[in-house]
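Numbers restart at 1 for each chain; the letters A, B, ... are given by sequence-line order, proteins then strands.
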Amino acid sequence: MRAPATISSLSDTQQPHNENALASSAAPAPSAGARARVPERPTLDGLEAKWSAAWERDGVYRFDHSAPRERVYSIDTPPPTVSGSLHVGHVFSYTHTDTIARYRRMRGMEVFYPMGWDDNGLPTERRVQNHFGVRCDPSVPYDPSFELGGRDSAGGQGSDSKEPVAVSRPNFVELCLALTESDEQAFERLWRTLGLSVDWSMTYTTIGRLAQRVSQRSFLGLLARGGAYQLEAPTLWDVDFQTAVAQAELEDRERPGAMHRVRFAPASGGSTDGGAPRSTGADTQEALIETTRPELIPACVALLAHPDDERFTELVGKEALTPLFGTRVPVLTHPLVERDKGTGLVMVCTFGDLTDVTWWRELGLPVRSVLGPDGRLAEVPWGTPGWESQDLERARAQYGELQGRTINQARRRIVELLEQSGDLIGEPQPVTRAVKFFEKGERPVEIITSRQWFIRTIEHRDELIARGRQLKWHPPYMRARFDDWVNGLTGDWCVSRQRFFGVPFPLWYPIDHAGAVLYDQPIAALEADLPVDPSTDVPDGYDASQRGQPGGFIGDPDVMDTWATSSLTPQIAGQAGEDDDLFKKVFPMDLRPQAHDIIRTWLFTTVLRSHLDHDELPWANAAISGWVLDPDRKKMSKSKGNVVTPMHLLEEHGADAARYWAASGRPGTDTAFDPQQMKVGRRLAVKLLNASKFALADLPAAGEALTHPLDRALIARLAAVVADATDSFEAYDYARALERAESFFWWYCDFYLELVKGRRYDADPHVSASVSLALRLSLSVFQRLFAPFLPFVSEEVWSWWQDGSVHRAPWPDAEELRVAAGMAPEVALEVTADVLREVRKAKSQAGRPMRAPVRRVVVRDTAERLAALALGEGDLLAAGTIEHLEPVEDGEFAVEVELAEESAGD
RNA sequence: GGGCGCGUAGCUCAGUGGGAGAGCGCUCGCUUCACACGCGAGAGGUCGCAGGUUCGAAACCCGCCGCGCCCACCA
């Protein structure tokens, strides 16, 4: 520990960038006696442009690859979806992360803080299709000289009448890349204006070659270890995008529907296959079911009752006939059937919902599929096995009324048919029920049987729960959402998508001499060839002419789920398998910042992939930010029309002010969008300018030590604030760190600065020496405390008197301040401020100016506080323009103020 | 149906066992030599409701009400 006298030696500790920054954290004096360069009229205008250019030029945020592992703090930055629009939510959450990054950097860490752009996936495809008027057709060969036909912007010709132009997948991907590039530039401009301390030399994209190599390499590894498999199975399917989707991508939406009560006639003559229990003869009990999806009646494969439901004991074991189609279906039991729902009897279709899949699987029911991938009822082979009917002609005729129609059209039609046949009992009852949608889709998801790739997930459930406990969550209660999700998983992760702008599966399949594709014998790409696009690249041992030919090969047509790439952001940013030295330094990462709505997707899948590939957590900490709500407490969204353009926000209020608002939102908490808070932030920034100007302009020489009791008390209180802010940052509570620094700073300006003005302007250097030192120390601390939040104004005021960037200056150290303060009489500052407040009140209530002279002040207080008051008496008399101070010992604090006559002085 | 979070001044929020607070807004006053993007002062609250623990509850426990979010096999 240092003695107070050594403070003066701190004047030479000013360091060039962060060299061994942990060694010392107080840097109060301007370098080598140079006078501070304080502008005549300090302003916030133009600071964003000035300092973001300077930071870029000086490489202030450049990651030092030579730093040892122990000094690296790595951040798994969320790559924003660039084809989406920018909104204030981005400003909000990215600011949170940036304050943490800046704090760690000032703590002497080399911060690995890359930016990524999430440009693959459906949102980009949709924009490209509309923007360029094209459609991707993987069967079209690549055209290297493909030019856009003037379909975009200026031309205008044909944009309304023409069919979309079919282009190859590589050409389509080129168009996606072209369009996302301009989006990415807009994002980068915003981030730079906001002051994110990102190292822009490490930017990646989720469709880039690096991301593709890492994704394909990871997939091939899983495949080789048996962690990935393909299966022909019922899959969640979006009929608009015509692709499989994953459980994690579903959301519920309330939709109006109708409940239909439908009659199934008993099947006479018993079962068609001899094994099943036979009807005992003349039973005539009808089976009534209720359904919201009558259009799936032709896909019905069974009726189910609860095993204990006595109402159906007669029926169970027999068969019923589907109305209209006359297909025999067995009546069975299953414990998942709820007796009090509907009629107690439920129709199982292939497939109406996920429960149907469960029943189908567990009861070994056949598949009778009517829905095509385009969401229309497909042609079905009546009369072939599985499509029998009591009356084939009628079945064909009735089904003909439905075939080719969309689900909704078919539903309307079949209700009419059921009415006509008398199988609809009563009127359909309107109901509102939750329906599962693909989160980006516009029609409910269906379940369709198809061949897809899966990553094994379910069997790792317990390990994943354990990983969740290992991870430090900020705030801690967010872990519950992870646990909920993992415990609720019902199937492995389907990662294949029947789309184009994504990472292709690095696989081909042989075609046998009869022309059949051998899906169970995939040909994996060679590691050295990654990334590959199997739609244009040729597997080892084949040549291009064999594509699609008997004895040749065919490429896997699918791309990976966007989360299959995003789940590897730590590996992509850290260049796993590309730059092992870098990867070892940054992985596992220190921090994953993200919003709470994608815990089940991004956070979960990243934990899973890291667990499968590296057998460890991808990061030590997860900091979960909330959302930005509009003043009505609803989530801000484009569709509600309440989105404020972030760039406009930064221009109007200034980046520091916007950051102040963002940083006031506590971790994990949804926060209302509030321009008022930005005005408050701007005031704080202006205050820092002006307080710095006061403290630094023409400041008399600093002394060796803090000799005045009020100065020592101030530094002691400051030490406590630094300790509090530091503890808060260590707990990832940037909002608390800001709040502590801010409230003390306002107190400092209102009381301390006013109290010491007399000594600060005193011509006698013996009088001004201590306060000069205190002002330097305190200003230096405040400028650094605010640096993570208000990087622009902090850098500005720091530059007036210090070399190097404040953002590479050491974070203030509470212990050093305590040592400098020595045995500080903190109560002296308290009681002096208490009396000053009373004097101000008296002047205010008398309507007099603050400099109005005071003849006499009587202070009643305890002996202890009066003794402390004596220590600050000189400053108090000057600040309050008081002639006489009269202490009276008394238990109760009370102040009498006698103002001088108004006419006399003025 | 299950879970998580929230409910404190008109607004945005801090406060987790012992004086009910901050900022904004509002009212009044002050051209004070860092700052009028300022300074000073003031008004304003049965801390969602009801019980319990405790000498003492805004805080801890139980129940209820309201809001938000997540999850669920929602026929």
Discussion item. Any base atoms under 4.0 Å from A/Asp750, or only sugar-phosphate, or nothing? Heavy atoms, all strands.
Written reply: sugar-phosphate
Discussion item. So A/Arg683, base contact, sugar-phosphate only, or nothing? Heavy-atom distance under 4.0 Å.
Written reply: sugar-phosphate
Worksheet item: Does A/Arg736 make a side-chain N or O approach to OP1 or OP2 of B/A14 shorter than 4.0 Å?
Response: no
Worksheet item: Hey, does A/Thr292 reach any base, or is it just sugar-phosphate, or nothing, if we go heavy atoms under 4.0 Å?
Response: sugar-phosphate
Response to the item:
Rounded to whole Å, CZ of A/Phe604 lies from C1' of B/C70 at a distance of 15 Å
Discussion item. One pair to check against salt bridge (charged side-chain N to carboxylate O under 4.0 Å, His left out): A/Asp484 and A/Arg481. What are the steps and the verdict?
Written reply: CA-CA 5 Å; A/Asp484 266 9; A/Arg481 302 192 181 207; over 6 Å; no
Discussion item. Under 4.0 Å, counting only non-hydrogen atoms across every strand here, what does A/Val686 touch: a base, just sugar-phosphate, or nothing?
Written reply: base
Worksheet item: If you look at every strand shown and take non-hydrogen atoms under 4.0 Å, does A/Cys749 touch a base, only sugar-phosphate, or nothing?
Response: base
Discussion item. At 4.0 Å (heavy atoms only), tell me whether A/Met478 reaches a base, stays on the sugar-phosphate, or touches nothing.
Written reply: nothing
Discussion item. Can you tell me which nucleotide in B/C35, B/G68, B/U32 comes closest to the side chain of A/Arg851?
Written reply: B/U32
Discussion item. Under the criterion salt bridge (charged side-chain N to carboxylate O under 4.0 Å, His left out), I'd like the reasoning laid out for A/Asp727 against A/Arg736: C-alpha separation, chi angles, the key distance, then a yes or no.
Written reply: CA-CA 9 Å; A/Asp727 290 347; A/Arg736 184 183 165 95; over 6 Å; no
Discussion item. What's A/Lys693 touching, base or sugar-phosphate or nothing? Going by heavy atoms closer than 4.0 Å.
Written reply: sugar-phosphate
Worksheet item: Can we call the ring centroids of A/Phe482 and A/Trp485 under 6.0 Å apart?
Response: no
Worksheet item: For B/C13, what is the paired nucleotide under Watson-Crick or G-U wobble rules, both distances under 3.5 Å?
Response: B/G21
Discussion item. Just to be sure I understand the rule, does A/Thr355 reach a base, reach only the sugar-phosphate, or reach nothing, if contact means heavy atoms closer than 4.0 Å?
Written reply: sugar-phosphate
Practice prompt. Give A/Glu338 one of three labels, base, sugar-phosphate or nothing, depending on what nucleic acid heavy atoms sit under 4.0 Å from its own.
Written response: base
Worksheet item: Counting N and O atoms only, with roles assigned by atom type, does the side chain of A/Thr350 sit under 3.5 Å from a partner on the main chain of A/Arg368, one being a donor and the other an acceptor?
Response: yes
Worksheet item: Would you say the side chain of A/Glu286 lies within less than 4.5 Å of the side chain of A/Phe264, judging by non-hydrogen atoms?
Response: no
Fill in: Rounded distance (Å) that lies between atom P of B/G40 and atom CZ of A/Arg840
5 Å
Discussion item. I'd like the C1' distance from B/G1 over to B/A57, given in whole Å.
Written reply: 33 Å
Worksheet item: Would a distance-only check, ignoring hydrogens and angles, find a side-chain to backbone donor-acceptor pair under 3.5 Å from A/Arg682 to A/His653?
Response: yes
Worksheet item: Does one side chain, of A/Ser728 or A/Tyr734, offer a donor that lies under 3.5 Å from an acceptor on the other?
Response: no
Discussion item. Check this one for me: any side-chain N or O of A/Lys679 less than 4.0 Å away from OP1 or OP2 of B/C37?
Written reply: no
Practice prompt. Identify which nucleotide among B/C71, B/C24, B/C70 has an atom closest to any side-chain atom of A/Arg481, counting heavy atoms from C-beta outward.
Written response: B/C70
Discussion item. Could you identify the nucleotide paired to B/C64, looking across every strand shown and requiring Watson-Crick or G-U wobble geometry with both distances under 3.5 Å?
Written reply: B/G48
Item to complete: Tell me which nucleotide among B/C35, B/G40, B/C70 gets nearest to the side chain of A/Trp627.
Response: B/C70
Discussion item. Of the options B/C4, B/A14, B/C74, whose atoms approach the side-chain atoms of A/Tyr477 most closely?
Written reply: B/C4
Item to complete: Find the distance A/Glu251:CD to B/C71:P and express it as a whole number of Å.
Response: 9 Å
Item to complete: Round to the nearest Å and state the distance from A/Trp747 atom CH2 to B/G23 atom C1'.
Response: 19 Å
Response to the item:
Using Watson-Crick geometry (N1-N3 plus N6-O4 or O6-N4) or G-U wobble (N1-O2, O6-N3), each under 3.5 Å, B/C39 is paired with B/G29
Fill in: Protein-nucleotide distance (A/Phe751, atom CZ; B/C39, atom P), rounded to Å
12 Å
Practice prompt. Quick one: label A/Trp359 by what it contacts on the DNA or RNA (base, sugar-phosphate, nothing), any heavy atom closer than 4.0 Å.
Written response: base
Worksheet item: Touch check for A/Val435, heavy atoms < 4.0 angstrom, all strands: base, sugar-phosphate only, or nothing?
Response: nothing
Fill in: Length of the CG-C1' vector between A/Leu779 and B/C35, whole Å
13 Å
Discussion item. Base, sugar-phosphate or nothing for A/Lys841? Non-hydrogen atoms, less than 4.0 Å.
Written reply: sugar-phosphate
Response to the item:
Against the side chain of A/Glu754, the closest entry in B/C35, B/G15, B/C71 is B/C35
Worksheet item: Is A/Gln677 touching bases, backbone alone, or none of the nucleic acid, heavy atoms closer than 4.0 Å?
Response: nothing
Worksheet item: Which part of the nucleic acid does A/Lys843 contact within heavy-atom distance under 4.0 Å: base, sugar-phosphate only, or nothing?
Response: nothing
Worksheet item: From B/C74, B/C70, B/A34, pick the nucleotide closest to the side chain of A/Ala434?
Response: B/C74
Response to the item:
Rounded to whole Å, CG of A/Asp483 lies from P of B/A72 at a distance of 14 Å
Worksheet, complete the sentence: Taking B/G3, B/A72, B/C39 as options, the one with an atom nearest any side-chain atom of A/Asp484 is B/G3
